[in-house]
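Start at 1 with the first residue, then count along the sequence. All ligand and atom numbering here is 1-based and tracks the order in the structure. All values below come from the heavy atoms of this structure, side chains included, with hydrogens, waters and symmetry mates left out.
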Amino acid sequence: MSRITIAIDGYSSCGKSTLAKALAAKLNYAYIDSGAMYRCVTLYCLRNGIIKKKKFDNAEVIATLPNIKLNFEFNPHTKTSETFMNGENVEKLIRTMEVAENVSKISAIKEVREHMVLIQREFGQHKGVVMDGRDIGSHVFPDAELKLFMTADIETRVQRRMDELNSKGEHVDFMEVKINLTNRDYDDVNRKESPLIRAKDAIVLDNTDLSREEQLDYVIKLISGLLLTRD
Ligand code: DC
């Protein structure tokens with residue numbers, strides 16, 4: 001059966017990575033979390049004093065890009081791919097509120113995006129990849145065979161994000177998370193460079209009332225139909 005490219009875009013915390021990971025596991029595809037890449041640049045800049053009190057100089061961020069080597073490695077215990085920056089597993093470190101509060105501004109820098117898109121295209125060059133983000137179907141892989149645009153209502157997304165942070169021991173309040181998600185969505189939709197938009201040929205998936213299993217079943221059926229018409 002031929003291998004395809006699956007692009008998943010959508011708002012923050014609407015379950016893109018949950019679906020992408022499940023699809024990758026089911027299809028034996030690689031999973032690439034493009035948001036993790038922007039989070040790594042943010043973490044690197046925080047650690048190295050390039051971001052101070054949410055402020056930074058674009059030129060300094062751009063100059064440091066060659067120092068940041070990114071890769072994803074499959075962890076057989078967690079059965080998913082994890083993010084590595086310069087050889088260090090940063091999968092957990094990039095998910096903090098501090099990173100979340102700075103990542104939108106970092107990901108809005110044109111040169112940062114150009115650099116990341118080159119790496120993302122390299123990761124996807126052999127197909128058999130599920131990549132999630134904001135501009136995957138619209139910009140990174142405009143020829144992806146399957147494009148999904150995910151959404152869910154804001155209250156549901158906040159609750160999911162809180163559950164995720166709580167399970168990692170980071171206790172935050174509902175309003176703090178709601179403000180962060182709303183601001184990030186606003187920044188993603190309104191930035192100049194590759195804003196979050198639904199590609200014309202993307203299928204909209206609102207998972208507010210869907211369980212993980214229902215959403216996975218739905219997409220697997222879509223893929224089966226797609227592959228039947230291709231092979
Ligand atoms: O998917 P995420 O929440 O981990 O992404 C972190 C941030 O990175 C998000 O606020 C928007 C940005 N991002 C982006 O601009 N383009 C992508 N392809 C993926 C993420």
Nearest-contact summary for [atom] - protein heavy atom, Å:
atom	result
atom 19 (C) of ligand 1	Ser34 OG, 3.3 Å
atom 9 (C) of ligand 1	Arg134 NH2, 3.4 Å
atom 18 (N) of ligand 1	Asp135 OD1, 2.8 Å
atom 3 (O) of ligand 1	Arg184 NH1, 2.8 Å
atom 11 (C) of ligand 1	Asp188 OD1, 3.2 Å
atom 20 (C) of ligand 1	Gly35 CA, 3.5 Å

- Message: Does only the side chain of Leu196 get under 4.0 Å from ligand 1, or the backbone, or both, or neither? Count heavy atoms.
- Response: neither

- Message: Below 4.0 Å, non-hydrogen atoms only: which portion of Arg39 touches ligand 1? Side chain, backbone, both or neither.
- Response: side chain

- Between Asp33, Thr83, Asp185, Val103, flag the one that comes closest to atom 7 (C) of ligand 1 by a heavy atom. Val103

- Item | Pick from Met131, Gln120, Arg113: the one approaching atom 15 (O) of ligand 1 most closely through a non-hydrogen atom | Arg113

- Query: Would you say Met37 touches ligand 1, if touching means a heavy atom closer than 4.0 Å?
  - Reply: no

With a 4.0 Å cut-off, would you call [X] and [Y] a salt bridge?
X	Y	value
Lys21	Asp33	no
Glu155	Lys178	yes
Asp9	Arg134	no

- Is there a donor-acceptor contact under 3.5 Å linking the side chains of Asn71 and Glu73? yes

- Query: Side chains of Asn67 and Thr64: is there a donor and an acceptor less than 3.5 Å apart?
  - Reply: yes

- Query: Are the side chain of Lys192 and the backbone of Ile109 linked by a donor-acceptor contact shorter than 3.5 Å?
  - Reply: no

Ligand-residue contact atoms, ligand 1 with [X], heavy atoms, under 4.0 Å:
X	value
Ser107	12 (C), 15 (O)
Ser104	10 (O)
Gly133	17 (C), 18 (N), 19 (C)

- Ring centres under 6.0 angstrom apart (Phe123, Phe72): yes

- Looking at the rings of Tyr11 and Tyr186, which for Trp means the six-membered one, are their centres under 6.0 Å apart? no

- Message: Testing Ile94, Val103, Ile51 one by one against Leu43 for a side chain to side chain contact (heavy atoms under 4.5 Å, CB included), which residue passes?
- Response: Ile94

